[in-house]
Amino acid sequence: MNYPHIQAQTQQALQSVFDPQLNSRARRFLRSAKADSTLNAYQADTRIFVFWCQLHGFDPLQTTHHHIMNFLADQADGILADWVWLDKEEGKGELRNGEPRKPATLVRRLAGIRYAFKQKGIHPMPTEHAEIKEMMRGIVRLGDNRKRKTGALTLKPLACVLDEIDTGNLAGLRDYTLLLLMFSGALRRSEAARIEVDDLNFVGQGIRLRLKPSKHQLHETEIALVPGKQYCPVSALARWLKQSRISEGALFRRMNRWGQLMQEPLGPQGINLMIKRRTGQAIDDLQVSGHSLRRGFITSAVTAGKPMNKIIEVTRHKDIRTLQEYFDDAHKFSDHALDGLL
């Protein structure tokens, strides 16, 4: 069956999550209750739901739990599951058929719709109906629940990427420093995007790096960055501060087409695109994402035999079972129970 594409403007009732009666300060505090990445994902999920409703002739604010169940079923089969921007500045795009969505994506889709309904004061919320929860159990049972792990930028591939970067210009020096910092501190892209100059404290042994609270870390934390031999995050950061002449505010910033620094910080998505672009220029067969440097540090540290407690000091894992997966994978063939039995 062919499904027509739809095109619409950005201003939709359900997508305008925050009440227009709130002033900018109230919206800022309300928005800060959740991470930017979470709110951006919710907005994208809600956009797909809104336009799916329009295509089927429903008012998104008047939908029933049956409408939501049909929406989730379509998403699970990849029907009208892809949003494609035609003109992002004008807010024009369309829905297209795509790949079936994983159960985890559908859980987030539902959470985004629930959040929008909650902010609009809709009660009772159709997302809470028992039939939806029962249907989600069926989707989880039948869906593809395999974890897709991104490629790890471990020491060897990271060195290839760093060696290809021309640090003689600001763009190259920024990317070199950022890549090295994210590996050395096992940083998530959202954490790297929020680092400011005041978060760096140069001391005799290296750098004390302050990390602000986030959805992953509810409290402010501090990690240590130590000098390296061939690749040194401490000297790279010092050189970046000197060459960029950034003395306050965001540490890593966007650049215009002429390679000039702008005031706006380099956001998580910009960091993600930079990692993919720089890696692609040096390595052909490695699929990477914003998580690849954090994963690369952990894998490298585990392979090198570093103690788990010292790795956690850098990675700040709250659940040791997550880190244990890296140790199990690194030693999967060591002292195997089958060894010598056959």
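In terms of hydrophobic clustering, with Ile, Leu, Val, Met, Phe, Trp and Tyr side chains grouped at heavy-atom distances under 4.5 Å, L178 and F202 are assigned to a common cluster. There is no path of hydrophobic side-chain contacts, each under 4.5 Å, that joins L211 to V226. There is no path of hydrophobic side-chain contacts, each under 4.5 Å, that joins L273 to L180. In terms of hydrophobic clustering, with Ile, Leu, Val, Met, Phe, Trp and Tyr side chains grouped at heavy-atom distances under 4.5 Å, M262 and I246 are assigned to different clusters. Under the 4.5 Å side-chain contact rule for hydrophobic residues, V107 and I139 share a cluster.
In this structure, the side chain of N23 engages the main chain of R25 through a donor-acceptor pair within 3.5 Å. Side chain of H123 to backbone of M125: no donor-acceptor contact under 3.5 angstrom is found. Of the possible polar contacts, one joining the H67 side chain to the T64 backbone as a donor-acceptor pair under 3.5 Å is found. In this structure, the side chain of T299 does not engage the main chain of G296 through any donor-acceptor pair within 3.5 Å. A donor-acceptor distance shorter than 3.5 angstrom exists from the side chain of R316 to the backbone of V314, with no hydrogens or angles considered. Side-chain N or O atoms of R188 include none that pairs as donor or acceptor with a backbone N or O of H291 at under 3.5 Å. Although no hydrogens or angles enter the test, the distance criterion places no donor-acceptor pair under 3.5 Å between the side chain of S184 and the main chain of L181. Not one N or O on the side chain of H56 forms a donor-acceptor pair closer than 3.5 Å with the backbone of F58. For N97 (side chain) and L80 (main-chain N/O), a donor-acceptor pair under 3.5 Å exists by modelled atom type. The backbone N or O of S300 sits nowhere less than 3.5 Å from a side-chain atom of T303 that would complete a donor-acceptor pair.
At a threshold of 4.5 Å between non-hydrogen side-chain atoms, the residues L72 and M69 do not count as touching. The closest side-chain heavy-atom distance from T38 to Y115 is not below 4.5 Å. A 4.5 Å side-chain heavy-atom check between R278 and E164 finds every atom pair outside the cut-off. Residues T63 and F117 form a side-chain contact, since some pair of their non-hydrogen atoms from C-beta on lies under 4.5 Å apart. A 4.5 Å side-chain heavy-atom check between M255 and L170 finds at least one atom pair inside the cut-off. Looking only at side-chain heavy atoms (C-beta outward), L179 and M274 come within less than 4.5 Å of each other. Within the 4.5 Å cutoff, side-chain heavy atoms of L237 are placed close to those of L225. Inter-residue side-chain proximity for M182 and R294 is flagged as unmet; no heavy-atom pair is nearer than 4.5 Å.
To the nearest 0.5 angstrom, K118 atom NZ is 10.5 Å from T127 atom OG1. In this structure, the separation between CD on Q281 and CG on D175 is 9.0 Å, given to the nearest 0.5 Å. With rounding to the nearest 0.5 Å, the separation of CD in E313 from OG1 in T221 is 12.0 Å. Atom-to-atom distance recorded for I132:CD1 and H65:NE2 is 7.0 Å, nearest 0.5 angstrom. Interatomic distance, S244 OG to L261 CG, rounded to the nearest 0.5 Å: 6.0 Å. We find the CG-CD1 distance between L266 and I271 to be 5.0 Å, quoted to the nearest 0.5 Å.
Scanning both residues, S247 and V197, for their nearest heavy atoms gives O-CG1, 3.6 Å. Across all their heavy atoms, I79 and Q75 have their closest contact at O-NE2, 3.5 Å. Scanning all heavy atoms of the two residues, the minimum distance from I275 to G290 falls at CD1-CA, 3.8 Å. The two residues Y42 and A111 have their closest heavy-atom pair at OH-CB, 3.7 Å. For the residue pair F71 and I48, the shortest heavy atom distance occurs at CE1-CG2, 3.9 Å. Contact detail for C232 and P227: the closest heavy-atom pair is SG-CA, 3.7 Å.
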- Criterion ring-ring contact (aromatic ring centres under 6.0 Å, His included) on W240 and Y176, from CA distance to verdict: CA-CA 9 Å; W240 167 244; Y176 179 97; over 10 Å; no
- After noting the C-alpha distance and the side-chain angles of F51 and T46, does the key distance pass the side chain to side chain contact (heavy atoms under 4.5 Å, CB included) rule? CA-CA 9 Å; F51 294 139; T46 306; over 6 Å; no
- Message: Apply salt bridge (Lys or Arg N to Asp or Glu O under 4.0 Å) to residues K212 and E191 and explain how you reach the verdict.
- Response: CA-CA 8 Å; K212 299 178 179 64; E191 295 170 335; over 6 Å; no
- Task: For side chain to side chain contact (heavy atoms under 4.5 Å, CB included), just list the numbers for L95 and L55, CA-CA rounded to whole Å, side-chain angles, deciding distance to a tenth of an Å, and then say yes or no.
- Result: CA-CA 9 Å; L95 280 177; L55 181 62; 5.8 Å; no
- Message: Run the side chain to side chain contact (heavy atoms under 4.5 Å, CB included) test on M136 and L106 for me, step by step, so that the C-alpha distance in whole Å, both residues' side-chain angles and the decisive distance to 0.1 Å come before the verdict.
- Response: CA-CA 8 Å; M136 288 302 298; L106 300 184; 4.0 Å; yes
- Hey, mind stepping through R101 and R109 against side chain to side chain contact (heavy atoms under 4.5 Å, CB included) and telling me if it holds? CA-CA 10 Å; R101 291 300 183 258; R109 290 263 204 276; 3.5 Å; yes
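For E94 and R96, the salt-bridge test passes: some basic side-chain N is under 4.0 Å from an acidic carboxylate O. Between R210 and D199, at least one side-chain nitrogen of the basic residue sits less than 4.0 Å from a carboxylate oxygen of the acidic one, meeting the salt-bridge criterion.
Crowding of R208 atom CZ: a count of heavy atoms from other residues, nucleotides or ligands under 6.0 Å not exceeding 12. For R254, the CZ atom is loosely surrounded, since the number of other residues' heavy atoms within 6.0 Å does not exceed 12. Within a 6.0 Å sphere centred on CD of Q205, other residues, nucleotides and ligands contribute 12 heavy atoms or fewer. Counted within 6.0 Å of CZ on R277, heavy atoms from surrounding residues, nucleotides or ligands total more than 12; the atom is thus considered enclosed.
Taking the six-membered ring where tryptophan is involved, the planes of W52 and F49 are essentially parallel, since the angle between them stays under 30° and well short of 60°.
Exactly one of L155, T154, L153 qualifies for a side chain to side chain contact (heavy atoms under 4.5 Å, CB included) with F183. That residue is L155.
A donor atom on one side chain and an acceptor atom on the other are found under 3.5 Å apart for T315 and H317.
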